[in-house]
Amino acid sequence: MRQWIAFWNIVLKDMRAYYLKPPNVSWGLIFPLAWTAMLFIKSGQGLENILGLLPGVVCISILFGSTSMLAVTVTFEKKNRSFERLLLAPIPLSLLMLAKTGGAILFGTVNAFVPIVIAMFLADLSTISWNIAIPGIVLIATVSTFLGLFIAVSVSEVFEAQTFSNFFRFPMIFLCGLFIPIASLPVFLRPLSYMLPLTYGADILRGAIDGTNSMSLGLGFIVILSFCTILFYVSLRNINRKWIV
Amino acid sequence: MIEVVNLTKKFDGVIAVDELSFRIRQGEFFGFLGPNGAGKTTTINILTGLARPDSGSIRISDRDCTNNPKAAQHLIGVVPDDSNLYPELSGYDNLCFCASLYGMRKIQRQNRSKELLATFGLEEAANRKFGGYSKGMKRKLTIAAGIIHNPRILFMDEPTTGLDVGSARQIRLLISRLHHSGTTIFLTTHYIEEAERLCQRVAFIVKGKIVKIDSVSNLLQPVLGKKAMLITFCNPIMNLYEKFERTFPNLKCESLSDAQVRVESMEPIYVGPLVRFFEDNGSEVMEAKRITPSLEDVFVITTGIEVNTMRKEREKPHSIP
Ligand SMILES: Nc1ncnc2c1ncn2[C@@H]1O[C@H](COP(=O)(O)OP(=O)(O)O)[C@@H](O)[C@H]1O
Ligand SMILES: [Mg+2]
């Protein structure tokens, strides 16, 4: 019980101090909107293809809503030493890091619904299987957040964390099969696609939204869960080894 | 309460803490006194779980914390050398947040935070952002955050360093009160008078090693009954030491700077003959002041560290890297 009080208050404090700040909120809205508009214009298709574009836009919204947050909640707090206060608290490191990432997972999930709410006014979303889409969205948010965590604990400066998260994000967007089908990527890039968690997340969303998934959904969930577990534990190990010297 | 045996820690081949062993009893006020770089912060970091020892063992309140620092973290409070609170939160929110880390419930958190803000005279600044606080206010709130959960043991790393005289005095008073209310205190400092005034037992730490550890009253034993006088001259004085010794065989004279000497004896020192001696020998005396020998003298004798080097450190502005 005591530990959950700590957990919940860490999440709340991060939300109040970082996530709900005007720049974050407005970027969270502007990014998905801008991507949606851009894709519409580029595809030259009419409103009838909204469902075809939705998985990609949702993925991007999540990715941008979660990955870079850890640069602030973790790297920045480590740098200004307030992270030490958390390390001194009587809570296990794993629970502490779940609390530090919980806000970003929530924020990424909420961001996913920005394009979905917009699409609701433009198309009929009744065909979407929400029982797959919602866990899919939460998992994508989790894996993007943990990727951000992995980056945040591997560097010591905030700008490094931001630079590195872009270094992962942009290739992921183009290699995950959303905008260029994996089958039409150059052969040497295809294995890379399958090494990126977003590829599986995008496929789950396609399955849930318009049934055009190319892999089995079960496989997708298992792979993303494995990515989450590995990224989280490697990050914990790095904190243990590098920050508690 | 705290039992440390052969604690050692190296950083890239440099020994920061070297085979430290000591024990702190429940309710005791224990001080680590040593110059910059002696290993004080490293010791606190290891004891509180922010650093790992290379070897040695730690027991806190009958729990083995050597490989599991989390075992005692609910019992301890830490006041770091530099504030580590959240600059963007208000003083009150900072305290409430710190309380929540120890699992305190909302009402408890709010009451305790208000109580501490009142104790530390920070009520008016309660709703201002911590980032805008003065140095003394920051230190006070950092102490308040360290004791928010009523810890049984409080670690304080140089709590008065870099503060103005008034704030430092207030903080020492608050620390004494905490000790009187039963908290076991581990304090590090490089202010010798501070250790003498506050602590019951002191360890002198130099280059990672404890060179002496004893109660303040025992440490003071060798200088008890000693008399001393500080004489300041208008101009630099010439070398009169041999002549001085011949004239006053019972007095010891030591140069502190080129215009200041310290005269010491186990017998009463009379000012008249001393002043006459110096003036007859061409050194005009500006001031002669009686001083009481203190822990400072013991520290200098034991460690061989000049008090002036400790003083100089103190006057350095405390900068955050
Ligand atoms: N993280 C670190 N990396 C490398 N050297 C360190 C580190 N922390 C402390 N040291 C070294 O260990 C020694 C003791 O430092 P410290 O414990 O901070 O001393 P104090 O607190 O007594 O001033 C110093 O020589 C310092 O340079
Ligand atoms: Mg120090």
Side-chain angles (χ1 to χ4, degrees), chain A residues 1-24 69 71-100 102-103 156-158 236-245, chain B residues 9-12 16 41-42 44-54 67-90 93-94 96-106 108-109 129-131 142 145-146 148-149 151 155 157 320-321:
Chain A
M1 184 58 205
R2 285 171 163 267
Q3 296 189 344
W4 289 107
I5 292 179
F7 176 89
W8 184 235
N9 278 280
I10 293 171
V11 175
L12 280 182
K13 191 230 88 193
D14 280 356
M15 300 248 244
R16 272 199 298 168
Y18 308 121
Y19 297 103
L20 299 180
K21 284 284 153 71
N24 266 334
M69 293 298 169
V72 183
T73 59
V74 176
T75 316
F76 173 71
E77 288 198 358
K78 164 71 174 123
K79 190 139 178 69
N80 78 6
R81 297 187 55 184
S82 46
F83 199 80
E84 282 177 13
R85 191 161 284 283
L86 303 174
L87 290 175
L88 288 170
I91 39 178
L93 188 61
S94 50
L95 188 66
L96 168 63
M97 292 324 290
L98 281 179
K100 289 305 279 180
S156 49
E157 299 289 339
V158 175
L236 283 195
R237 216 179 69 132
N238 280 344
I239 293 174
N240 246 320
R241 283 208 323 213
K242 288 174 39 181
W243 290 1
I244 307 176
V245 286
Chain B
K9 174 76 187 174
K10 285 191 195 121
F11 288 110
D12 318 312
T41 301
T42 306
I44 289 201
N45 283 348
I46 296 173
L47 295 184
T48 56
L50 290 181
R52 249 187 289 271
D54 293 335
N67 296 310
N68 179 21
K70 292 271 163 204
Q73 276 183 336
H74 59 291
L75 300 173
I76 66 178
V78 184
V79 180
D81 51 355
D82 250 339
S83 161
N84 60 6
L85 291 166
Y86 298 92
E88 68 278 12
L89 297 186
S90 71
D93 287 341
N94 261 304
C96 286
F97 176 68
C98 291
S100 74
L101 294 178
Y102 293 86
M104 289 164 70
R105 282 164 200 283
K106 192 161 188 173
Q108 262 182 312
R109 295 201 288 270
K129 283 192 177 177
F130 177 70
T142 311
I148 191 93
H149 55 298
F155 291 88
D157 198 1
I320 301 158

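Within every chain, numbering begins at 1; the chains are lettered A, B, ... in the order of the sequence lines, protein sequences first and strands thereafter.
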A side-chain contact here means heavy atoms from C-beta on lying under 4.5 Å apart; do [X] and [Y] qualify?
{"X": "A/I5", "Y": "B/R105", "answer": "yes"}
{"X": "B/R52", "Y": "A/V245", "answer": "no"}
{"X": "A/E77", "Y": "B/Y86", "answer": "yes"}
{"X": "B/L101", "Y": "A/L86", "answer": "yes"}
{"X": "A/F83", "Y": "B/N84", "answer": "no"}

Segment of [X] engaging chain A (4.5 angstrom heavy-atom cut-off):
{"X": "B/A71", "answer": "neither"}
{"X": "B/K9", "answer": "side chain"}
{"X": "B/C98", "answer": "side chain"}
{"X": "B/L89", "answer": "side chain"}
{"X": "B/P69", "answer": "neither"}
{"X": "B/P53", "answer": "neither"}

Could you pull out the closest heavy-atom pair between [X] and [Y], with the gap in Å?
{"X": "A/N9", "Y": "B/S100", "value": "CB-OG, 3.1 Å"}
{"X": "B/K70", "Y": "A/I91", "value": "NZ-O, 3.0 Å"}
{"X": "B/P87", "Y": "A/N80", "value": "CD-ND2, 4.1 Å"}

After noting the C-alpha distance and the side-chain angles of B/L85 and A/R81, does the key distance pass the side-chain contact (heavy atoms from CB on, under 4.5 Å) rule? CA-CA 8 Å; B/L85 291 166; A/R81 297 187 55 184; over 6 Å; no
Are the side chain of [X] and the backbone N or O of [Y] linked by a donor-acceptor pair below 3.5 Å?
{"X": "A/K13", "Y": "B/D93", "value": "no"}
{"X": "A/R2", "Y": "B/Y102", "value": "yes"}
{"X": "B/Q73", "Y": "A/L87", "value": "yes"}

Within 6.0 Å of NZ in A/K242, more than 12 heavy atoms from elsewhere: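 More than 12 within 6.0 Å, yes.
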Above 12 or not: heavy atoms from other molecules or residues under 6.0 Å from NZ of B/K129?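 No, because the 6.0 Å sphere around NZ of B/K129 holds 12 heavy atoms or fewer from other groups.
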In Å, rounded to the nearest 0.5 Å, how long is the span from CG of A/L88 to CG of B/L50? 4.0 Å
Let me know if [X] has heavy atoms under 4.5 Å from chain B in its side chain, its backbone, both or neither.
{"X": "A/E84", "result": "both"}
{"X": "A/W8", "result": "neither"}
{"X": "A/L12", "result": "neither"}

One option among A/P90, A/A17, A/A6, A/P92 has the most heavy-atom pairs under 4.5 Å with chain B, and it is A/P90
